[in-house]
Amino acid sequence: MTGRTLDELQTAVRDIEGWLSEDQVARLYGAAAATHAGQQVVEIGSFRGRSTIVLAGAVPEGVGIVAIDPHAGNDRGPQEISGFEAQAAGDHEAFLANLSAAGVADRVRHIRAFSDQSHDDVSGPIAVLFIDGAHRYGPARLDVRSWGALVEPGGTMLIHDAFSSVGVTLAIVRELALGDRFRYVGRSRSLAEYRADLGAGLAPRAANSLRQVAQLPWFAKNLTVKVLLTVGLGGAIRRLTGRRPEWPF
(Lines give C-alpha, C1' and ligand atoms only; values in the text may rest on other atoms or scores of the structure.)
Protein backbone atom coordinates (compact mmCIF):
# COMPACT_ATOMS: atom_id res chain seq x y z
CA MET A 1 0.00 0.00 0.00
CA THR A 2 1.44 3.33 -1.03
CA GLY A 3 1.10 6.60 0.85
CA ARG A 4 -1.14 9.53 0.08
CA THR A 5 -0.57 11.94 -2.75
CA LEU A 6 1.32 15.17 -2.30
CA ASP A 7 -1.79 17.22 -3.05
CA GLU A 8 -3.75 15.35 -0.38
CA LEU A 9 -1.09 16.06 2.22
CA GLN A 10 -0.68 19.70 1.22
CA THR A 11 -4.39 20.09 1.89
CA ALA A 12 -4.24 18.13 5.15
CA VAL A 13 -1.56 20.35 6.70
CA ARG A 14 -2.44 23.72 5.20
CA ASP A 15 -4.14 25.05 8.33
CA ILE A 16 -1.79 23.48 10.89
CA GLU A 17 0.50 25.95 12.60
CA GLY A 18 4.13 25.51 11.62
CA TRP A 19 6.97 26.77 9.43
CA LEU A 20 7.01 24.50 6.39
CA SER A 21 6.29 26.15 3.05
CA GLU A 22 4.61 24.19 0.27
CA ASP A 23 7.88 23.58 -1.55
CA GLN A 24 9.41 22.30 1.69
CA VAL A 25 6.44 19.98 2.19
CA ALA A 26 7.10 18.66 -1.31
CA ARG A 27 10.77 17.97 -0.53
CA LEU A 28 9.87 16.13 2.68
CA TYR A 29 7.24 14.18 0.80
CA GLY A 30 9.69 13.10 -1.89
CA ALA A 31 12.18 11.74 0.63
CA ALA A 32 9.56 9.87 2.66
CA ALA A 33 7.73 8.46 -0.37
CA ALA A 34 10.97 6.87 -1.62
CA THR A 35 11.24 4.59 1.43
CA HIS A 36 10.09 0.98 1.49
CA ALA A 37 8.68 -1.47 4.02
CA GLY A 38 11.05 -2.28 6.86
CA GLN A 39 12.78 1.10 6.82
CA GLN A 40 12.50 3.86 9.41
CA VAL A 41 11.87 7.60 9.32
CA VAL A 42 12.88 9.73 12.32
CA GLU A 43 11.84 13.32 12.95
CA ILE A 44 13.44 15.59 15.54
CA GLY A 45 11.12 18.49 16.32
CA SER A 46 7.42 18.00 15.57
CA PHE A 47 5.73 21.05 17.13
CA ARG A 48 2.05 20.66 16.20
CA GLY A 49 2.47 17.89 13.66
CA ARG A 50 2.67 19.61 10.28
CA SER A 51 5.84 17.79 9.19
CA THR A 52 4.88 14.60 11.04
CA ILE A 53 1.68 14.26 9.04
CA VAL A 54 3.56 14.76 5.78
CA LEU A 55 6.13 12.10 6.63
CA ALA A 56 3.59 9.60 7.99
CA GLY A 57 1.21 10.17 5.11
CA ALA A 58 3.86 9.85 2.41
CA VAL A 59 5.56 6.59 3.41
CA PRO A 60 4.43 3.19 2.12
CA GLU A 61 2.90 0.64 4.46
CA GLY A 62 5.45 -0.99 6.75
CA VAL A 63 7.71 2.03 7.24
CA GLY A 64 8.19 3.07 10.87
CA ILE A 65 7.72 6.73 11.84
CA VAL A 66 9.33 8.10 15.01
CA ALA A 67 8.61 11.68 16.12
CA ILE A 68 10.87 13.09 18.86
CA ASP A 69 9.69 16.26 20.58
CA PRO A 70 9.56 17.01 24.33
CA HIS A 71 6.82 19.64 23.92
CA ALA A 72 8.48 21.41 26.82
CA GLY A 73 7.96 25.03 25.77
CA ASN A 74 11.56 25.61 24.65
CA ASP A 75 12.93 26.00 21.11
CA ARG A 76 9.30 26.40 20.12
CA GLY A 77 9.72 28.63 17.08
CA PRO A 78 11.35 31.80 15.77
CA GLN A 79 12.48 33.93 18.73
CA GLU A 80 10.81 31.43 21.10
CA ILE A 81 13.86 29.78 22.66
CA SER A 82 12.56 29.55 26.24
CA GLY A 83 9.79 30.77 28.53
CA PHE A 84 6.87 29.10 26.78
CA GLU A 85 6.19 26.37 29.31
CA ALA A 86 2.55 27.49 29.57
CA GLN A 87 2.07 26.67 25.89
CA ALA A 88 3.73 23.24 26.11
CA ALA A 89 0.64 21.28 27.11
CA GLY A 90 -1.39 22.96 24.37
CA ASP A 91 1.26 22.15 21.76
CA HIS A 92 1.24 18.51 22.81
CA GLU A 93 -2.55 18.28 22.73
CA ALA A 94 -2.67 19.97 19.33
CA PHE A 95 0.00 17.60 18.02
CA LEU A 96 -2.02 14.54 19.05
CA ALA A 97 -5.30 16.00 17.78
CA ASN A 98 -3.82 16.97 14.41
CA LEU A 99 -2.32 13.52 13.86
CA SER A 100 -5.64 11.93 14.74
CA ALA A 101 -7.61 14.24 12.43
CA ALA A 102 -5.21 13.44 9.59
CA GLY A 103 -5.63 9.71 10.18
CA VAL A 104 -1.94 8.99 10.88
CA ALA A 105 -1.88 8.76 14.68
CA ASP A 106 -1.56 4.97 14.61
CA ARG A 107 1.46 5.18 12.29
CA VAL A 108 3.56 7.47 14.50
CA ARG A 109 5.52 6.57 17.62
CA HIS A 110 5.97 9.77 19.59
CA ILE A 111 8.89 10.06 22.00
CA ARG A 112 8.19 12.98 24.32
CA ALA A 113 11.78 13.70 25.28
CA PHE A 114 14.75 15.78 24.19
CA SER A 115 16.65 14.37 21.22
CA ASP A 116 19.89 13.89 23.15
CA GLN A 117 18.01 11.71 25.64
CA SER A 118 16.23 9.58 23.04
CA HIS A 119 18.95 7.45 21.45
CA ASP A 120 18.09 4.40 23.53
CA ASP A 121 14.48 4.63 22.31
CA VAL A 122 15.38 4.29 18.63
CA SER A 123 17.00 1.15 17.26
CA GLY A 124 18.19 0.27 13.79
CA PRO A 125 19.35 2.46 10.91
CA ILE A 126 17.42 5.50 9.70
CA ALA A 127 16.35 5.83 6.06
CA VAL A 128 15.11 9.43 6.34
CA LEU A 129 16.10 11.81 9.14
CA PHE A 130 14.38 15.20 9.45
CA ILE A 131 15.98 17.63 11.90
CA ASP A 132 14.01 20.65 13.06
CA GLY A 133 14.92 20.69 16.74
CA ALA A 134 16.88 23.15 18.85
CA HIS A 135 18.47 25.83 16.65
CA ARG A 136 21.29 26.82 19.00
CA TYR A 137 24.72 25.74 17.80
CA GLY A 138 25.50 23.11 20.46
CA PRO A 139 22.24 21.14 20.31
CA ALA A 140 21.98 21.54 16.53
CA ARG A 141 25.49 20.23 16.00
CA LEU A 142 24.83 17.30 18.33
CA ASP A 143 21.67 16.38 16.40
CA VAL A 144 23.47 16.49 13.05
CA ARG A 145 26.43 14.50 14.33
CA SER A 146 24.82 11.89 16.58
CA TRP A 147 21.58 11.27 14.72
CA GLY A 148 23.22 11.71 11.32
CA ALA A 149 25.56 8.85 12.20
CA LEU A 150 22.50 6.56 12.26
CA VAL A 151 21.42 7.37 8.71
CA GLU A 152 21.94 4.29 6.55
CA PRO A 153 24.20 4.39 3.47
CA GLY A 154 22.31 6.15 0.70
CA GLY A 155 19.81 7.50 3.22
CA THR A 156 18.54 11.06 3.41
CA MET A 157 19.00 13.75 6.05
CA LEU A 158 16.93 16.94 5.85
CA ILE A 159 17.69 19.97 8.02
CA HIS A 160 15.26 22.84 8.51
CA ASP A 161 16.46 26.43 8.94
CA ALA A 162 19.72 25.58 7.19
CA PHE A 163 21.48 28.73 5.93
CA SER A 164 18.92 30.73 7.88
CA SER A 165 19.48 30.12 11.60
CA VAL A 166 22.97 31.06 12.83
CA GLY A 167 23.28 28.03 15.11
CA VAL A 168 22.05 25.53 12.52
CA THR A 169 24.25 27.01 9.80
CA LEU A 170 27.35 26.89 12.00
CA ALA A 171 26.53 23.27 12.82
CA ILE A 172 26.30 22.47 9.11
CA VAL A 173 29.62 24.17 8.39
CA ARG A 174 31.30 22.29 11.22
CA GLU A 175 29.82 18.84 10.58
CA LEU A 176 28.91 18.70 6.89
CA ALA A 177 30.66 21.33 4.78
CA LEU A 178 33.98 19.53 5.17
CA GLY A 179 32.52 16.10 5.87
CA ASP A 180 33.22 12.90 4.01
CA ARG A 181 29.82 11.17 4.13
CA PHE A 182 26.87 13.44 3.32
CA ARG A 183 26.45 14.95 -0.14
CA TYR A 184 24.57 18.23 -0.35
CA VAL A 185 21.63 17.66 -2.72
CA GLY A 186 19.94 21.06 -2.61
CA ARG A 187 17.40 23.07 -0.66
CA SER A 188 13.86 24.37 -0.70
CA ARG A 189 14.30 27.75 0.97
CA SER A 190 15.87 26.78 4.30
CA LEU A 191 15.13 23.04 4.11
CA ALA A 192 18.45 21.48 3.06
CA GLU A 193 18.68 17.92 1.81
CA TYR A 194 21.72 15.67 2.19
CA ARG A 195 22.34 12.13 0.97
CA ALA A 196 24.68 9.66 2.64
CA ASP A 197 26.44 8.77 -0.60
CA LEU A 198 29.34 11.21 -0.98
CA GLY A 199 32.00 9.72 -3.21
CA ALA A 200 35.46 8.97 -1.89
CA GLY A 201 38.42 11.21 -2.65
CA LEU A 202 39.33 14.87 -2.48
CA ALA A 203 37.49 16.02 -5.63
CA PRO A 204 33.96 15.00 -4.51
CA ARG A 205 34.56 16.46 -1.07
CA ALA A 206 35.83 19.76 -2.47
CA ALA A 207 32.88 20.08 -4.86
CA ASN A 208 30.49 19.25 -2.04
CA SER A 209 32.03 21.93 0.17
CA LEU A 210 31.83 24.55 -2.56
CA ARG A 211 28.15 23.83 -3.18
CA GLN A 212 27.41 24.50 0.48
CA VAL A 213 29.63 27.60 0.71
CA ALA A 214 27.68 28.96 -2.27
CA GLN A 215 24.60 29.18 -0.01
CA LEU A 216 26.24 31.65 2.37
CA PRO A 217 25.18 34.83 0.51
CA TRP A 218 21.57 33.69 0.93
CA PHE A 219 22.35 33.11 4.61
CA ALA A 220 23.67 36.69 4.90
CA LYS A 221 20.49 38.02 3.31
CA ASN A 222 18.36 36.08 5.80
CA LEU A 223 20.36 37.47 8.71
CA THR A 224 19.85 40.99 7.42
CA VAL A 225 16.10 40.48 7.16
CA LYS A 226 15.97 39.06 10.69
CA VAL A 227 17.89 42.01 12.13
CA LEU A 228 15.62 44.53 10.38
CA LEU A 229 12.49 42.74 11.59
CA THR A 230 13.87 42.51 15.13
CA VAL A 231 14.53 46.25 15.36
CA GLY A 232 11.12 47.09 13.89
CA LEU A 233 12.14 48.02 10.36
CA GLY A 234 9.84 45.60 8.58
CA GLY A 235 8.11 48.56 6.94
CA ALA A 236 11.37 49.56 5.28
CA ILE A 237 11.69 46.08 3.78
CA ARG A 238 8.16 46.32 2.44
CA ARG A 239 8.83 49.69 0.82
CA LEU A 240 12.02 48.42 -0.80
CA THR A 241 10.68 45.09 -2.04
CA GLY A 242 6.97 45.73 -2.39
CA ARG A 243 6.27 42.59 -0.36
CA ARG A 244 5.17 42.04 3.21
CA PRO A 245 8.27 40.86 5.11
CA GLU A 246 8.22 37.51 6.92
CA TRP A 247 10.64 35.73 9.21
CA PRO A 248 12.92 33.71 6.90
CA PHE A 249 12.27 29.97 6.86
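From a predicted model like this one, the values you see are computed outputs, not experimental measurements.
A donor-acceptor pair under 3.5 Å is formed between the side chain of Arg181 and the backbone N or O of Gly148. For the pair Glu43 (side chain) and Thr52 (backbone), a donor-acceptor distance under 3.5 Å is present. A donor-acceptor pair under 3.5 Å links the side-chain atoms of Asn98 to the main chain of Ala94, judged by distance alone. Using modelled atom types, no side-chain atom of Tyr184 and backbone atom of Arg195 make a donor-acceptor pair closer than 3.5 Å. Thr169 places no side-chain N or O within 3.5 Å of a backbone atom of Val166 that could act as its donor or acceptor partner. Checked by atom type and distance alone, the side chain of Asp91 never pairs as donor or acceptor with a backbone atom of His71 at under 3.5 Å. A donor-acceptor pair is defined here as one N or O able to donate and one able to accept, closer than 3.5 Å; no such pair exists between the side chain of Ser164 and the backbone of Ser190.
Rounded to the nearest 0.5 angstrom, Ser123 OG and Leu150 CG are separated by 10.0 Å. The OH atom of Tyr29 lies 15.5 Å from the CG atom of Leu20; values are rounded to the nearest 0.5 Å.
Two residues are said to be in side-chain contact when any heavy atoms from C-beta on lie closer than 4.5 Å; Ile172 and Phe163 meet this criterion. For the pair Glu22/Arg14, a side-chain contact is recorded, criterion being any heavy-atom separation below 4.5 Å from C-beta on. A 4.5 Å side-chain heavy-atom check between Leu129 and Ile44 finds at least one atom pair inside the cut-off. Counting only heavy atoms from C-beta outward, the side chains of Glu17 and Arg50 never approach each other to under 4.5 Å. At a threshold of 4.5 Å between non-hydrogen side-chain atoms, the residues His135 and Asp132 count as touching. At a threshold of 4.5 Å between non-hydrogen side-chain atoms, the residues Leu191 and Leu28 count as touching. You'll find the side chain of Arg187 reaches within 4.5 Å of the side chain of Trp218, heavy atoms only. Annotation: side chain of Tyr194 is not in contact with side chain of Val151 (no heavy-atom distance under 4.5 Å).
Taking a cutoff of 4.0 Å between a charged side-chain nitrogen and a carboxylate oxygen, Arg112 and Asp69 do not qualify as a salt bridge.
For the residue pair His160 and Gln24, a side-chain donor N or O sits within less than 3.5 Å of a side-chain acceptor on the partner. Side-chain contact of Glu152 with Gln40: a donor-acceptor pair under 3.5 Å is absent, judged by distance alone. No side-chain donor from either of Glu8 and Thr11 sits under 3.5 Å from a side-chain acceptor of the other. In the model, Ser21 has a side-chain atom that pairs as donor or acceptor with a side-chain atom of Asp23 under 3.5 Å.
Less than 6.0 angstrom separates the ring centroid of His110 from the ring centroid of Phe95.
Counted within 6.0 Å of CG on Asp120, heavy atoms from surrounding residues, nucleotides or ligands total 12 or fewer; the atom is thus considered open.
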